[in-house]
Amino acid sequence: MPYRRRLVSIFSLLAEAEAHVHGTTPDQVHFHEVGAVDSIIDIVGAASLPGLLRADAVFTGPVE
């Protein structure tokens, strides 16, 4: 998946999750923690790093 599409997909999923938790729609979501600069850098880095490293796969452990 191209980098830009991956970023839009990630932020769309986050908006859907935030909307679900707050009982609203993704269009009405206001990012709080996710909108912080460090969070944006984390998301952009995670979305772009596999392509920059030319990784075939990415593995993670379970979310705590």
Side-chain angles (χ1 to χ4, degrees):
M1 177 182 297
Y3 167 74
R4 186 176 293 234
R5 237 174 55 207
R6 184 178 301 123
L7 283 174
V8 170
S9 176
I10 290 168
F11 279 102
S12 294
L13 286 170
L14 286 170
E16 289 173 22
E18 281 278 323
H20 179 76
V21 168
H22 295 289
T24 187
T25 65
D27 293 336
Q28 299 296 318
V29 167
H30 295 280
F31 290 119
H32 300 285
E33 291 296 323
V34 177
V37 173
D38 61 326
S39 296
I40 293 170
I41 291 169
D42 289 344
I43 293 166
V44 171
S48 61
L49 194 58
L52 292 171
L53 295 175
R54 297 182 182 155
D56 294 325
V58 177
F59 301 92
T60 64
V63 176
E64 296 287 330

In a table with atom names and distances, give each donor-acceptor pair under 3.5 Å that connects a side chain of residues 56-64 to protein atoms at least two apart or in another chain.
none

Checking A17 now: which residues fulfil side-chain contact (heavy atoms from CB on, under 4.5 Å) with it, not counting sequence neighbours?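 Expected list: none.
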With sequence neighbours excluded, residues passing side-chain contact (heavy atoms from CB on, under 4.5 Å) with S48: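 For S48 the side-chain contact (heavy atoms from CB on, under 4.5 Å) partners, ignoring immediate neighbours, are Y3, L52.
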Just verifying a value: how many Å separate D38 CG and I43 CD1, rounded to the nearest 0.5 Å?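 Those atoms lie 9.5 Å apart.
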What's the spacing between E16 CD and T25 OG1 if we round to 0.5 Å?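 Going from the CD atom of E16 to the OG1 atom of T25 covers 11.0 Å.
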Rest of the hydrophobic cluster containing L53 (Ile/Leu/Val/Met/Phe/Trp/Tyr, side-chain heavy atoms under 4.5 Å)?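 Members other than L53 - counting any ILVMFWY side chain reachable under 4.5 Å - are L49.
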Can you list, by chain and residue number, the hydrophobic cluster partners of L13 when the side-chain cut-off is 4.5 Å?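 Members besides L13: none; it forms no cluster.
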Hydrophobic cluster membership, V8 vs V44, 4.5 Å side-chain cutoff: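 Looking at the clustering, V44 is in a separate group from V8.
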Where is the tightest heavy-atom contact between P26 and A19, given as atom of each residue plus distance?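 Here P26 and A19 meet closest at N-CB, 3.5 Å.
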